[in-house]
Amino acid sequence: MERFVEVAEGVSLWVESRGPEEAPAVLLIMGSTVSGRVWPDELIERLAREHRVIRYDHRDTGASTWAFDRVPYSAVRMAEDALAILDALGIERAHVVGLSLGGLLVQWLLVAHPERLLSATVIGAPALEGAPTRANVTARAPIDPDLYAFWSHMFEPREREAQIEWRVENWRRLNGKKIPFDAEEFRALERRIIAHAGRHDTSDAHARADASGLARGAELVHVTVPTLVITTPEDPTNPESNSRFLAETLPRSTLVTIDGMGHAIPRAVVPPLAAALLKHLETVEGQTG
């Protein structure tokens with residue numbers, strides 16, 4: 001099922017739901033600047049056998065409304081969009097899974113609206129700013145400087161095919177070096193996303209959105225929602241130490257490593273990622289059911 005959910009006047013988000021509507025819901029929250037269609041279909045199909053799985057496009061991505069200059073918003077408002085989607089679908093509580101920026105939004109939901117969460121999963125994201133420091137433990141290791149330099153060209157205008165190749169190169173860098181990178185897999189993904197969005201540019205809206213409201217890391221130590229923290233050892237944006245710090249900060253966390261995974265979800269990591277997510281969901285549902 002695909003539909004659009006209005007989250008502000010004149011702003012609608014593309015939303016897709018799969019799986020039995022009466023089953024526990026799993027809301028997938030993607031990272032910055034990319035469509036929710038980056039969540040692999042195979043992963044969704046595995047989760048949707050016993051869950052209602054929802055993915056969506058953030059504002060200024062994919063088929064959702066692109067209107068930051070007309071309707072500016074903050075990162076906190078992006079997190080609240082997730083709640084608006086649950087409301088529109090009639091879902092009181094859901095498992096939430098976030099990658100990258102999505103992982104930061106999930107943490108904000110953990111401290112701001114825990115009553116809406118059955119569980120949480122954070123992939124490829126550090127702890128929110130303000131998390132309690134600990135002696136000899138770094139909360140946030142730096143992002144690879146070569147990647148930062150590459151990203152400085154992200155929003156430059158390009159012809160369609162050049163844009164596809166830039167994005168494929170970005171995925172290559174995010175993929176890491178352990179799992180062989182299949183350029184054609186990601187080239188096909190980007191062609192599908194461009195067809196879905198009806199445009200091939202990348203908006204800088206998320207880079208301009210005020211993120212200061214997410215600085216609620218001090219509250220993570222009080223979270224009681226069971227949370228899975230997935231370590232991605234080949235991730236150039238979020239080193240393993242960040243995930244370990246987050247897991248040690250959250251009282252009810254489980255830390256799982258997906259061997260070889262970077263900051264992308266290639267076909268090769270779908271089976272172990274799905275297995276980790278399903279085990280987490282089943283454990284939580286077994287405890288609450």
Side-chain angles (χ1 to χ4, degrees), residues 4-15 28-39 55-85 98-109 111-112 122-130 140 142-160 162-164 166-167 169-171 173-174 190 193-194 196-217 235-238 242 263-264:
F4 285 88
V5 171
E6 187 173 42
V7 294
E9 185 175 355
V11 178
S12 295
L13 305 187
W14 172 84
V15 179
L28 304 176
I29 307 178
M30 187 37 72
S32 176
T33 75
V34 296
S35 166
R37 284 189 178 272
V38 169
W39 293 106
R55 62 179 172 179
Y56 68 99
D57 290 337
H58 291 297
R59 304 173 188 224
D60 293 283
T61 67
S64 292
T65 302
W66 294 46
F68 184 84
D69 290 330
R70 178 173 59 83
V71 188
Y73 51 87
S74 66
V76 165
R77 188 60 190 270
M78 294 176 71
E80 291 172 341
D81 287 346
L83 299 178
I85 289 169
L99 173 68
S100 192
L101 172 63
L104 297 176
L105 302 184
V106 164
Q107 291 177 63
W108 186 87
L109 292 171
V111 299
V122 176
I123 309 169
L128 295 179
E129 291 281 2
R140 288 181 174 229
I143 292 176
D144 184 302
D146 289 338
L147 184 60
Y148 253 140
F150 180 73
W151 281 354
S152 69
H153 303 285
M154 182 180 294
F155 307 118
E156 295 174 0
R158 301 178 185 86
E159 296 296 328
R160 180 177 180 275
Q163 178 75 335
I164 290 172
W166 191 94
R167 290 182 183 179
E169 173 60 17
N170 188 46
W171 288 122
R173 292 168 182 254
L174 294 175
E190 287 301 336
I193 288 172
I194 288 170
H196 164 67
R199 57 194 299 169
H200 68 269
D201 55 329
T202 299
S203 171
D204 67 352
H206 296 174
R208 292 192 284 155
D210 178 13
S212 61
L214 296 181
R216 297 181 63 171
D235 192 337
T237 76
N238 189 64
N242 289 2
H263 205 70

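- Taking 4.5 Å as the limit, some side-chain heavy atom of Arg140 sits within range of a side-chain heavy atom of Glu129.
- Between Leu83 and Leu109 the shortest side-chain heavy-atom distance falls below 4.5 Å.
- Rounding to the nearest 0.5 Å places CZ of Arg77 at 13.5 Å from CG of Asp210.
- Considering every non-hydrogen atom in both Ala125 and Ser100, the closest pair reads CB-O, 3.4 Å.
- Shown here for His206 and Asp60, the closest heavy-atom pair between the two residues is NE2-CB, 4.5 Å.
- His153 and Trp166 have their aromatic ring centers separated by at least 6.0 angstrom.
- Partners of His263 according to the ring-ring contact (aromatic ring centres under 6.0 Å, His included) rule, which considers only residues two or more places apart in sequence or in another chain, do not exist here.
- Between Pro157 and Asp201 there is no side-chain heavy-atom pair separated by less than 4.5 Å.
- Other residues, nucleotides and ligands contribute over 12 non-hydrogen atoms within 6.0 Å of the CZ atom of Phe150.
- Contact detail for Glu9 and Arg70: the closest heavy-atom pair is O-NH1, 4.0 Å.
- Side-chain contact between Met30 and Leu99 is present, with heavy atoms from C-beta onward closer than 4.5 Å.
- Although no hydrogens or angles enter the test, the distance criterion places no donor-acceptor pair under 3.5 Å between the side chain of Thr65 and the main chain of Ala67.
- Looking at every heavy atom in both residues, Asp57 comes nearest to Arg37 through OD1-N, 4.2 Å.
- Between the side chain of Ser32 and the backbone N or O of Leu101 there is no donor-acceptor pair closer than 3.5 Å.
- Proximity of a side-chain donor or acceptor of Ser35 to a complementary backbone N or O of Val38 within less than 3.5 Å is not detected.
- The heavy-atom pair separating Trp151 from Asn170 by the smallest distance is NE1-OD1, 2.9 Å.
- Looking at Glu190, its side chain never comes within 3.5 Å of a backbone N or O of His200 through a donor-acceptor pair.
- Closest of all the heavy-atom pairs between Val15 and Tyr56 is CG2-CB, 4.0 Å.
- Taking the ring axis of Tyr73 as reference, the NZ or CZ atom of Arg59 stays within 45° of it and closer than 6.0 Å to the ring centre.
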